[in-house]
Amino acid sequence: MAEGTAPISPEGAAIGRPIARDDGVAKVTGRARYAADCRPPGLLHAVIAPSRIARGRVTAFDLDAAMAEPGVVAVMTPANRPPLAEDPDAKTAPIVFRLDLLQDDRIRYAGQPVAVVIGETLEAAEEGAFRLAPAYAAEPALVDIDAAEPFVPETVGLGAPVERRRGDVEAALATAAHRVQRRYETAAQVHNPLEPHAVVAVWEGDRLWVDTPSQNVARAQRRIAGLLGLPPDHVHIRSPFVGGGFGAKAFPAGPQVLGILAARLVGRPVKLVLSRAQMFGAVGHRAPTRQTLRLGLADDGTIAALAHHARVASSRFDDFFEPAAALSGGVYAAGAVETTHEAVRLDIATPVVMRGPGEATGSLALECAIDEAAAELGLDPLAFRRLNHADTEPISGRPFSSKALRACYDAGAARFGWAGRPLAPRSLSDSDGRLVGLGIGTAVFPSMMFQAEARALLRADGAAIVELGAHEIGQGAATALRQIAADALGLPLSAVTLRTGASDLPDAGGAAGSSHTATAGSAIHAAGTALVARLAALATADPASPLHGAGNAVLFAADGALHAGDGRRDPHAAVLARAGLGAIEARGAAAPDRAARASHAMAAHGAVFAEVAVDPDLGAIRVTRLVGAFAAGRIVNPRLARSQLVGGMIWGLSLALHEAAQFDPATGAIANADLGAYRIPVHADLPFVEALLVAEEDTLVNPLGVKGVGEIGITGTAGAVANAVWHATGVRIRRFPIRIEDLALAMPGREKEDDA
Amino acid sequence: MRRFAYLRPARLEEALAAAAEPETAWLAGGTNLVELMKRGVARPARLVDLAGLEDLATITPLAAGGLSIGAAVRNADLARHPVILRDAPILAEAVLSAAAPQIRNRATTAGNLLQAPRCAGFLDPGAACNRRAAGSGCAARGGDGRDAAVLGATEACIAVHPSDLAVPLVALDARLRVAGRDGERTIALGTLYGADGASTLPPGELVRAVLLPAEAAGFAGHARYLKLRERTSFAFALVSAAAALRIAGGRIVAARVALGGVAPRPWRPAEAEAVLAGAVPTDALFRAAADAALAAARPIAENGFKIELARRVLVRALTLALRGTPARVPALAASPFAPAGEGARHG
Ligand SMILES: Cc1cc2nc3c(=O)[nH]c(=O)nc-3n(C[C@H](O)[C@H](O)[C@H](O)COP(=O)(O)OP(=O)(O)OC[C@H]3O[C@@H](n4cnc5c(N)ncnc54)[C@H](O)[C@@H]3O)c2cc1C
Ligand code: SF4
């Protein structure tokens, strides 16, 4: 447990205020400097040449043609790639992914970098890469999840159990009054943050400066230092702004390291930026899934058994298995519950964590199956969910540290207007004859905590600088963390500067798992509390202070001063001035409370309601309204939290209706590798979306009582949309994203009806 | 990208002279060509930019009736031109259903008509593609056929033509004024596209204008373009239909129909028009017309659904056209989610 567990002063609190993001103006005016904006003197440009086959070997390059292009400086291939201190295929840490760093001529997926071309200009490097024209010895590649032989992996996700059970599911199913068994399919997806992976690498002797987007600068530093055989503190990673990551930047990707190696090869600074097409290759994706849900139901509507089995795809050469079934252990009460996984190996790049890894796809299947069970019983889907509310975590029996799900159901249903929804599908239509449906899904996401450190410095002028290697990846962390810092130090927001996004700062953990505000924020809170304690010690020991002799315990910091609670106060700047100190510093650390986490389940919850309109003949779907109500502990900044939740909900809509990476069976490559053909929703796809924040207090999850809002919006939403489509049409589509033709051809055409 | 020379002539003769050199391409808005160059699919040695040629960018009435739409008129300008909105609002509806505002601000009339297929095989310079390299094969053949044609596909190529604008233009019997070093000629828009959809324009020839015949205005009151796509905006057609009717005395005097997304070129089903001509409009008639339009359709791999969807889209387009062209192009142009609303106009 972190040192600082003091409650936050409610007075003048920055926490809870809906302030606009600190970096908003810099971003919209282009002043925010992303990695690819860096142009050190002497810069060269590198581009990767990606493999266009999925399995086999490179047999030749046309090096002469590439070098003949004016402006091409060098071509890096396995033959001349600078040496590495570590095998990029070695598992050097518990969680480390194999990288393709030109170790040999083998190709294990389409899009794998097979060479890097370095030029004086980007155009020269690109043309050089085109002219390089690799020749291949192709072998048959398998990219179809349904065609491969399954096996049971050792773990799923980042070390989670592959199977979990409580009670005897088979026995409960056998005796259940009703049984529902359904299979759902989800497609592969690609993260595609707005900012592609980029790296600008500058070597100074055996020191390396790297500008690159990262969701975890400390991890990137360790990995890159290990590969290059450098002391970690010789690798300086700067990542002040990250243009989205969604998990694709949680681990350093091969192309980022290749940019560094290219700079080493040519002895000059090098910039390497992936093209959008190259984002569909070597930087990870979300695996496709095949999920089977089995439910046993009692006549009274309670769930007697719930079994969730997921088949997921991974690469042939590394292990990441989307933990798609895992969340079903924690959502609905069930007499017996079981979550199991199997996997197949394909000639694809290794999938990696992607916003809501496992939860996104698993929630979609679970929420559909729950809806199908409610329909089987003739129950209202919300009533059925309330009836099976999990008062304790089903898979473990642990109580929840807090859970305001019922309040979310109430708030969401009221705002959305759920009451009066007809039970039967295909009951509603709008004035233009379109079928209207209303659907619901339960949202849930575990509240994680990791380790972090932070440093706070209070200057003589009463202003503070708080530093930690946290990550502003567009989610608003820099703003929310500064709010936490202001309250911890008892300073107005305007007096607090936050420095983040560099590996030279204290390790603040990664921006992942919806844990960053909780983790980094707790460390800041600890550092601020420690600094205030030092300040209080100075004041109470100083005969000239109004607080002289006051006990430390009764002091609190607010508005830039220490207060005794009886009207006596002493400004921070005055304390330092009298002590003759230019500044004082304190450090703080945070870590998960193991005991609390062993005894309690911790998760954020929510309820998402969707309204869709479906053209009865053409099958075109429009989500006309999405309303989510979420309880996620203390909300540091409601404006930014809503933005995160709404963003997640749009991802959920996308999962249900739009996004799919299509692997070409012939080449094994992703055929729709651009943002025209890889479809995400446009504004017109969602005219109304709203996220409500439901109050929730949690004293166990961490000192701040903060859960997380980064990923939960996806969960619940995808299922709610799918369920609304069913309610509109009476057609249940179980292959996602839902295709127009699947829906249109399953519906009786209206013209045909007229004939009858 | 291959190094290229860039020319921006101010006069047509200069442009035609410049384009006589081999490996030259016309550059209009560049929204398609430049992307193809980045991918290595197009590798011209010279670009002749049409932006300097003033008279290519205007819409003017023709002496004999009808309109001349300059080849370099931007899509966005076409879509809000008052004469177009009066005489051929279906063109605005089609154009506004295409791409996104930023692209429409650059993209031009001729560029849209001459855009390359969106077929993944065509767009991957390493793949076999008869359309890109005759005789090399067809990478799309082994696939699920989702994006493939159901009408008029050839042995060599199964890609569909991606243009929305071309669909109502073909329906309305548009012609092209084409200029070459040997002078000018006028051709039917339909003949711009070869059997596989590729342009039949000889190298060095230029589209100067699209000519809309005077008769087109007779359909303005009952003309709709409907586009089924996989998101509400900013997606190419899965299938689309242009339906234009001339109605008098409760009968369809003449009908113009074309389909998009189903064939290598904008598809004009004369059979359907024959069914409609002279008949009293009913649901049953529209279904019969749609059946006639799709009678020759054949699925490729798993795309049989397109035949049924095209039928339904055409029936709906005809139904909307009968109801009357709306006074304004709906905000979600050509979408089933943009009802005609109030103020429908009957011509
Ligand atoms: C993301 C995206 C989505 C899109 N969605 C749609 C859509 O839904 N529907 C749709 O219809 N289109 C769509 N488009 C295509 C877009 O409409 C075309 O890119 C555009 O119309 C091409 O016009 P341009 O002026 O930019 O042509 P350019 O790219 O400049 O040229 C295209 C071709 O036409 C030739 N050319 C141009 N002008 C002439 C001329 N006067 N004479 C002879 N040859 C000429 C060029 O040499 C080139 O071969 C989309 C494009 C993008 C990028
Ligand atoms: S369908 Fe046509 S464009 Fe596509 S790969 Fe085959 S030949 Fe090329």
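All values reported here derive from a predicted model rather than from experimental measurement. The sequence lines fix the lettering, A, B, ..., with proteins before strands; numbering per chain opens at 1.
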In residues 662-672 of chain A, which residues are in contact with chain B at a heavy-atom separation under 4.5 Å?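 Answer by number: A/Ala671.
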Suppose a student defines contact as a heavy atom less than 4.5 Å from any heavy atom of chain B. Which residues in residues 134-146 of chain A would they list?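 If one takes a 4.5 Å heavy-atom cut-off, no residue of residues 134-146 of chain A lies near chain B.
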Backbone N or O of [Y] within a donor-acceptor pair of the [X] side chain at under 3.5 Å?
X: A/Arg434; Y: B/Pro336; answer: yes
X: A/Asp685; Y: B/Arg231; answer: no
X: B/Arg312; Y: A/Asp617; answer: yes

Taking every non-hydrogen pair under 4.5 Å, which of A/Arg739, A/Arg131, A/Glu123 racks up the most with chain B?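 Looking at each option in turn, the highest pair count goes to A/Arg739.
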Less than 4.5 Å to any heavy atom of chain B: does that hold for the side chain of [X], its backbone, both, or neither?
X: A/Asp674; result: side chain
X: A/Ala673; result: neither
X: A/Ile680; result: both
X: A/Pro737; result: neither

Which residues in residues 138-149 of chain B have a heavy atom less than 4.5 Å from any heavy atom of chain A?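 Expected list: B/Arg146.
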Is A/Glu69 salt-bridged to B/Arg2, cutoff N-O under 4.0 Å?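 Judged by the 4.0 Å cut-off on N to carboxylate O distance, A/Glu69 and B/Arg2 do not form a salt bridge.
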Pair B/Lys306 + A/Glu741: basic N to acidic O under 4.0 Å: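 Looking at B/Lys306 and A/Glu741, the cut-off is not met.
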So A/His658 and B/Glu230, do their side chains get closer than 4.5 Å, heavy atoms only?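 No, side chains not in contact.
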For a 4.5 angstrom cut-off between non-hydrogen side-chain atoms, does B/Ser233 reach A/His683?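 Result no, sub-4.5 Å side-chain heavy-atom pair not found.
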I'd like to check the side chain to side chain donor-acceptor pair (under 3.5 Å) partners of A/Gln189; sequence neighbours left out, ordered by chain and number.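 Partners of A/Gln189 by the side chain to side chain donor-acceptor pair (under 3.5 Å) criterion, ordered by chain and then number, come out as A/Arg286.
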Identify which part of B/Ala127 has an atom lying under 4.5 Å from any heavy atom of chain A, answering side chain, backbone, both or neither.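 For B/Ala127, backbone and side chain are both near chain A.
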